[in-house]
Amino acid sequence: MLNENELIEGCRKGDRAAQRALYDLYCRKMMVVCLRYSKATPEAEDILQEGFVKVFQAIGNFRGESKLETWITRIMVNTALNAKRKKLYLFPMVDIEETNLPEEEMSISGIHFTQLLEMIQALPQGCQIVFNLFAIEGFSHKEIAEQLGISEGTSKSQFARAKSLLQQRLLTESTYYERYGESKV
Amino acid sequence: MNDMESRKFEDAFKQAFEEAGVSPSDNVWTNIERTMDDMESRKFGGAFLQAFDDAGMRPSDNVWINIELDLMRAEEGKMKRRLVFFQLLAAASIAFAFCIAGVGYYILQNQQNDANGPLAYHEGATGTNSNTSTNTANTTSSIQSADAPGTIPPGTRASTASAGDPAEHGVADIASHAATTAKPQDAGVNAVSSPEAAARVAQTNTTTAITTSPDPAEGNDIQYVAGASRPHTTATTDAGSSTDRGSLTSQGQTHDTRQTLLAATSGTAADETAANQEHPQMLNGVTTPSVASNTSGVTQQRQGIAGIQTEASKNNQQQLAATQQSVGVATPDRVGAEADGGIHQPSSSDRIGQNPVRLAQTDGTRDVTRSTSTTVVASEMVATANTVAPAGADQQTEYRLAYSPMPSQATPAVTSLGTRVQKPASMKVEPASTVDPLLALLARLDEQEKNADEKGKKDTREEEYAPEKLWTSVGFAAGSFNTINSSVSGSSGNMMMADARKDAVDKVASQQAKASGSSYSVGLSLGTRISSRWVLQGGVNYMTQASDYTASAVGTADFESFQAPSVNSIMSAEKQSMSAEALSNVVPTAPYNVNNSLQFVSVPVQAGYLLVNRKVGVQLNGGLSTDLFIQNTITPEGENLEKETKGNGSDSPYRTVNFSGLVGTELTYRFSKHYRLALNPGLRYPLNSIYKSDQPVTAAPLTFDIGLRFRYIFH
């Protein structure tokens, strides 16, 4: 089993075995990343495929300033955004009026990530992207606005809507749990 | 007491600050609010983040297969691009080198001819004849004069004429020069031999012409120039036709051009021999650097003149085929891709060697191409034309796809492809029985996606090199011009003029009709890109053309100021009275040199095709130029002779506005994001005579110059 540096070096030389090993190492996590940005598994696999090709082509530029996983995740996110950017004009993101949030924040402990994935995939396109970038990737609204070509206010309102929708969904899930004593899955 | 007093002071301070308050700016609270909001928001997202922290999901196996295919395709594309780029670069370098070699060859030939005593222009009897040799610019005069009655046979100098009898020589000279105008205008050699370039030339309906070998200082030029633009039906057929001047290949023209020239001159056999011996270089062509892989053309021309004219037409086809076969198959897309080495090459015309094969198919010379390919010239061209050409150009080997059917199942046409198809030595042929099904599947998938990817890659490739959309440039050019199409109608002078005056005018007219000299230009231009491969350029240039001629008389009205005879003296019949005064008295003198300098403002508009568009660029240009005549200056050599300057207008014999055809190439190098340096050899040919239509002299000088341009790219 090769360690990470050996894998990186092998990938730089174009060694197919090293590339395969790197792919096997990170494909599962990156698949989840791609699923968060897409609506269906085939779409996510397309993003994953394109992302890994970019990883292997750009691995020569990896300087080790961050963790390899972080670097690969960043490439996957950018690939997803590039894929989505072409379609974003179909779903223009505009400011949304303030929504009424539930009084209490719902807890998501005990909910499997596949359910959370499903909830995120059910969000409107813009809300899904902004939620992922802000809540999970950790970008600020200003950075998100620059990346997507929208205003900061639009980014905030899209996130607020995403949060509202997710909380409503969580409320529904918890109500079901309380009523039927088991998770919906 | 002291303590109490200091405490009072401190208490006063304390009291002063107890109720003190300063309101901060509103931004402070806004930032606090934003930070608090973010923290609350991230709490919600943080929960999601934690939930996805260790999440993982296995993708399907197809994902890895597709990734592998993409990586393989990317690697192949890189190699392909590199190969094509270096091929084009090599072709452009070879073409440019041959261009320079051709120019040098002509200069050497010129010098040799001068040393051998070409027919000189005769000015009186005694005195220096050094200037007379400068007037042998018209090489065909050596042929013509042999035939025209009363003219001097080639190779001899007319030293018998006396100083006091210039009229006879003038008449003879005019007759000889007049006879030269009978030669066909478009006799020449099309130096295009590279099939791909030939196809392009055929499309654009222009021919590349040949350079001159200038000696600007003395005007000692010999004109070996081909015709101007004319339509080409096909660049490779009709090689043996002696009458079809419009469709000549480089090889065929060695035979045809000579026939045409001889037919025009209607010389005797002796003259023909003399002509062939003296002026073989007339049939040589120097290709413009714009012609890629010009090697076969120039090489063939040299050898053709050496004595294989009778076989020239046949050899042309064979050599062309040999060039094709050596070049066309050397660039396969990938291992195991093409069965026929070129028939099904991609339609992109940017790759060397692909069009030639198509061209060979369309010209109907399959039988010839399948015949012997082992001529000396063919092997030489194979060795020099393409560095990628396989060493065993003569070998014919059968090439099959890795997944092609067994030989017994192959059609006869596939198994006997002839000399057009060659397997490069570096390629491996795998027997069909050991083919890997997975590789076969991959190859099939690859082929199916090839067309769509090609266009995408081409766009990506062009984007990588940051296409230039708008630029400006400043440049200068220097070169020479030679009048190839000229005439002097009858007598330039009025019949009522005195013989001496008429003779002086006639001599000037005949010399200026054949003027050759140096040309300089400087100017600005602006260019824009109108498509991925086409550009449009325009600008304004200041151009001067200077030529020398010899005069042997001066004109004077009062014997105090003297003027040299010039074209400005040659006026139409209606204006004879005005100009006659300047030459009312003509005094014969010893021959002396007179310089005539023409100045123009030229506004060129050219379209360019980008052959290579990278850091190093190759561009083919063609267009039109509007030439506005400004003035001409007559500067005679001699202290007592006045310099004469005449601007445009009704008094000037020169056409005020004229149009010229432009053709050339640009070799450029981009050394920074905004700057590019360009070398521009080019040709210019006026579509009309530079003299007004009512003038007895007509002349259209062909100019060849090399320019240097410094380009600034806006974006």
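Every chain is numbered from 1, with letters handed out A, B, ... down the list of sequences.
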Chemist: Is it the side chain or the backbone of A:Q19 that comes within 4.5 Å of chain B heavy atoms, both, or neither?
Modeler: both
Chemist: Could you walk me through whether A:E45 and B:N66 satisfy the side chain to side chain contact (heavy atoms under 4.5 Å, CB included) test, starting with their C-alpha distance in whole Å, then the side-chain angles of each, then the deciding distance to 0.1 Å, before giving a yes or no?
Modeler: CA-CA 10 Å; A:E45 286 185 345; B:N66 289 333; over 6 Å; no
Chemist: At a 4.5 Å cut-off on heavy atoms, which part of A:F131 comes close to chain B: side chain, backbone, both, or neither?
Modeler: side chain
Chemist: Any idea which of B:Q50, B:E68, B:E75 has the most non-hydrogen atom pairs under 4.5 angstrom with chain A?
Modeler: B:E68
Chemist: How close do A:Y23 and B:S60 get, heavy atom to heavy atom, and via which atoms?
Modeler: OH-O, 4.2 Å
Chemist: Taking B:D53 first and then A:K29, would you say they form a salt bridge - that is, a charged N and a carboxylate O separated by under 4.0 Å?
Modeler: no
Chemist: For A:L166 and B:F48: C-alpha separation, side-chain torsions, deciding distance, then whether side chain to side chain contact (heavy atoms under 4.5 Å, CB included) applies.
Modeler: CA-CA 11 Å; A:L166 286 170; B:F48 272 83; 3.8 Å; yes
Chemist: Counting heavy-atom pairs under 4.5 Å to chain B, which of A:A44, A:C27, A:C34 comes out on top?
Modeler: A:C27
Chemist: Sub-4.5 Å heavy-atom contacts with chain B: which residues of residues 64-76 of chain A show up?
Modeler: none
Chemist: Could you go through the side-chain hydrogen bond (donor to acceptor under 3.5 Å, both in side chains) check for B:D70 and A:Q49 one step at a time?
Modeler: CA-CA 9 Å; B:D70 282 343; A:Q49 171 194 326; 3.0 Å; yes
Chemist: Quick one: list whatever passes side-chain contact (heavy atoms from CB on, under 4.5 Å) with B:Y669, sequence neighbours left out.
Modeler: B:K615, B:V616, B:F671
Chemist: So which part of A:R36 gets closer than 4.5 Å to some heavy atom of chain B, the side chain, the backbone, both or neither?
Modeler: side chain
